[in-house]
Amino acid sequence: MREKRGRLVRVWSACASHRRWFAAWIGLSLVSWLVVLVVWRGDGAVIDSPSADWALKAFANVTEIASIPARVVAIVVLLGSPDVVASSGGLRMVFAYHVIAWGIVVIGLWFGRIVFRAVRAQTATEPDPARRRFLKASLGATGAVSSSGGIVGAYATLVEPGMLRTTRYSVPIEDLPADFDGLKIAHLSDTHLGRRVTSAHVSKAVQAAIDLAPDVFVLTGDYVSGEPALHPAATDLLKPLAETGRPVVSVLGNHDWFHDGPDMSRCLSERGLTPIDNSHVFLDRDRRLTRDASRGVLALAGVGDLTEHVSDLAAALRGIRGNVPRVLLSHQPDVAELEQAGRVDLMLSGHTHGGQVRLPFIGSPIVPSLYGDRYAYGLKQGPWCPVIVTSGVGVSILPVRFGIPPEVVEVTLSRAGVHGLFHR
């Protein structure tokens, strides 16, 4: 027993120089996991202070990015999707991710420190001036590459997701009444209130839409990140749109259906954010909502989510007179590839987030669409109607944006004898 104790003492003494690294590893793992526990408690804003709420969620997002290597290993080993892996272990699995991730970071820093010291010692004793310069340049290049990667990662996680912009389109519509020429639509989608997106960010987008002073607001789903406890909070943040007195219509997205779609529809309806999944309403001559087809001069139709609900185009368009122009709301732009069930003059969609990463000359490497980059972002011509796909307000899956900032969209309708597309 005494020999074993002495052996443990010798091992611990030999590791004395690494105790700080071990403490840093455990400390970072615990702190990041505790932050996730606070952020994931499910009530929207973590604390009342917007700046502190942002700081906590930003730190949680950074740790989530750091845990990507551990998540990839877990997904490969368990042969499941990210959602399956996360749900299979809950917060215990997330803690394991963070322990592994911070272990990788700490080991990388420790190894980099050893290499840095070795190269610095070598350059100090190197008799050949040219070789000394080469070693210094190599060390500097390695540092520059590492710093650049860190800067890009910080920008994509902490900066661009908050760079809300306004994008404007002008679309000529056949049969548009003369007094509707110039009618403005403000389009919001994919707010994703929850673990990665603050209530302050959603409120900023809502205010930006209100500031456009549109004639009608349209919402195309994913108001939360699959968290039903946030339905009231998410729709409360959108309620100021209805309080302007202007019409607001909405459809649900796949995340809204993950747990309780009917509850989300109820929350939207109670706050004046009229849900129109697989149905339609009209704007009358006074630009007010009506369900009376005889008074309607512009139809606003909507379909349910393509994958988590039912996209019934026929039901959405049934009962609209042939000469009445119509705008279709669909969370997923792939609906444009379904069999045509009637006239549609314009479709407004979200869902893709523009891929969340959009690289110069390459585009978006990953887009949640069966048609690749075709409906990733912007104004597109589908088989039977033009489609405007917004990059959305929030983030999903990974808390990053690069080359595709969040946005509020303004669409101006104009009169046209034939269909045409113009981007302003």
Side-chain angles (χ1 to χ4, degrees), residues 57-58 60-73 75-76 81-83 101 104-105 108 141-169 187-192 195-197 201 205 220 222 225 253-255 307 331-334 336-337 348-382 386-409 421 423-424:
K57 288 190 177 179
N61 288 344
V62 168
T63 61
E64 187 166 353
I65 294 300
S67 71
I68 288 176
R71 289 174 182 269
V72 170
V73 171
I75 291 167
V76 171
S81 68
D83 289 332
I104 294 171
V105 170
T142 301
V145 170
S146 300
S147 299
S148 299
I151 291 171
V152 170
Y155 168 81
T157 307
L158 301 176
V159 179
E160 189 165 314
M163 294 173 59
L164 189 71
R165 65 181 180 180
T166 298
T167 305
R168 293 178 168 87
Y169 300 90
H187 177 201
L188 286 172
S189 190
D190 300 275
T191 49
H192 281 288
R195 303 168 183 177
R196 303 173 182 90
V197 179
H201 180 66
T220 53
D222 276 6
S225 290
N254 55 305
H255 279 264
T307 54
H331 177 65
Q332 299 198 35
D334 284 8
E337 296 292 328
L348 301 176
S349 297
H351 183 63
T352 66
H353 299 210
Q356 284 191 192
V357 174
R358 199 164 183 83
L359 303 175
F361 310 110
I362 296 175
S364 301
I366 301 175
V367 180
S369 167
L370 295 177
Y371 303 93
D373 203 49
R374 184 188 306 178
Y375 298 114
Y377 174 73
L379 180 59
K380 308 292 184 178
Q381 180 61 54
V387 184
I388 293 177
V389 185
T390 176
S391 64
V393 172
V395 294
S396 182
I397 308 299
L398 290 177
V400 297
R401 278 190 180 271
F402 186 82
I404 188 75
E407 68 180 8
V408 174
V409 168
L421 300 180
H423 179 228
R424 185 176 72 236

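One-based numbering along the sequence shown.
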> Which atom pair, heavy atoms only, marks the closest approach of G350 to V389?
Replying inline: O-CG1, 3.7 Å
> Between the side chain of Q356 and the main-chain N/O of V400, is any donor-acceptor distance below 3.5 Å?
Replying inline: yes
> For the side chain to side chain donor-acceptor pair (under 3.5 Å) test, which of H187, H353, E407 pairs with T390?
Replying inline: E407
>> Would you compute the distance between atom OH of Y375 and atom CD1 of I388 and round it to the nearest 0.5 angstrom?
In response: 13.5 Å
>> Tell me the closest heavy-atom pair linking S189 and T220, and the distance in Å.
In response: OG-OG1, 2.7 Å
> Any donor-acceptor pair under 3.5 Å linking the side chain of T352 with the backbone of G354?
Replying inline: yes
>> Assess the residue pair R358 and D373 against the criterion (salt bridge (Lys or Arg N to Asp or Glu O under 4.0 Å)); give the C-alpha distance rounded to whole Å, side-chain angles, the decisive distance to 0.1 Å, and a yes or no.
In response: CA-CA 10 Å; R358 199 164 183 83; D373 203 49; 3.6 Å; yes
> Just checking, any donor-acceptor pair under 3.5 angstrom between side chains of H255 and S225?
Replying inline: no
> Quick one: does S391's side chain get under 4.5 Å of R401's, heavy atoms only?
Replying inline: yes
> Which of these, T307, D222, L348, sits in a side chain to side chain contact (heavy atoms under 4.5 Å, CB included) with H331?
Replying inline: D222
> Can you name the closest pair of heavy atoms from S369 and D334 and give their distance?
Replying inline: OG-OD1, 2.6 Å
> Rounded to the nearest 0.5 Å, what separation is found between the CD1 atom of I404 and the CZ atom of R165?
Replying inline: 5.5 Å
> With a 4.5 Å limit on heavy-atom distance, are the side chains of H201 and P406 in contact?
Replying inline: yes
> For the residue pair M163 and P405, what are the closest heavy atoms and their distance?
Replying inline: O-CB, 3.5 Å
>> Within the supplied structure, the quantity of interest is the number of heavy atoms (other residues, nucleotides, ligands) at a distance under 6.0 Å from L359 CG; does it exceed 12?
In response: yes
>> Testing the basics here: between H351 and P333, what is the closest heavy-atom pair and its distance to 0.1 Å?
In response: CB-CD, 4.1 Å
> Looking at G392 and D190, what are the two nearest heavy atoms and their distance?
Replying inline: CA-CB, 4.2 Å
> What's the verdict on side-chain contact (heavy atoms from CB on, under 4.5 Å) for V387 and S349, showing C-alpha distance, side-chain angles and the deciding distance?
Replying inline: CA-CA 7 Å; V387 184; S349 297; 4.3 Å; yes
> Side-chain contact, heavy-atom cut-off 4.5 Å: V393 with L188?
Replying inline: yes
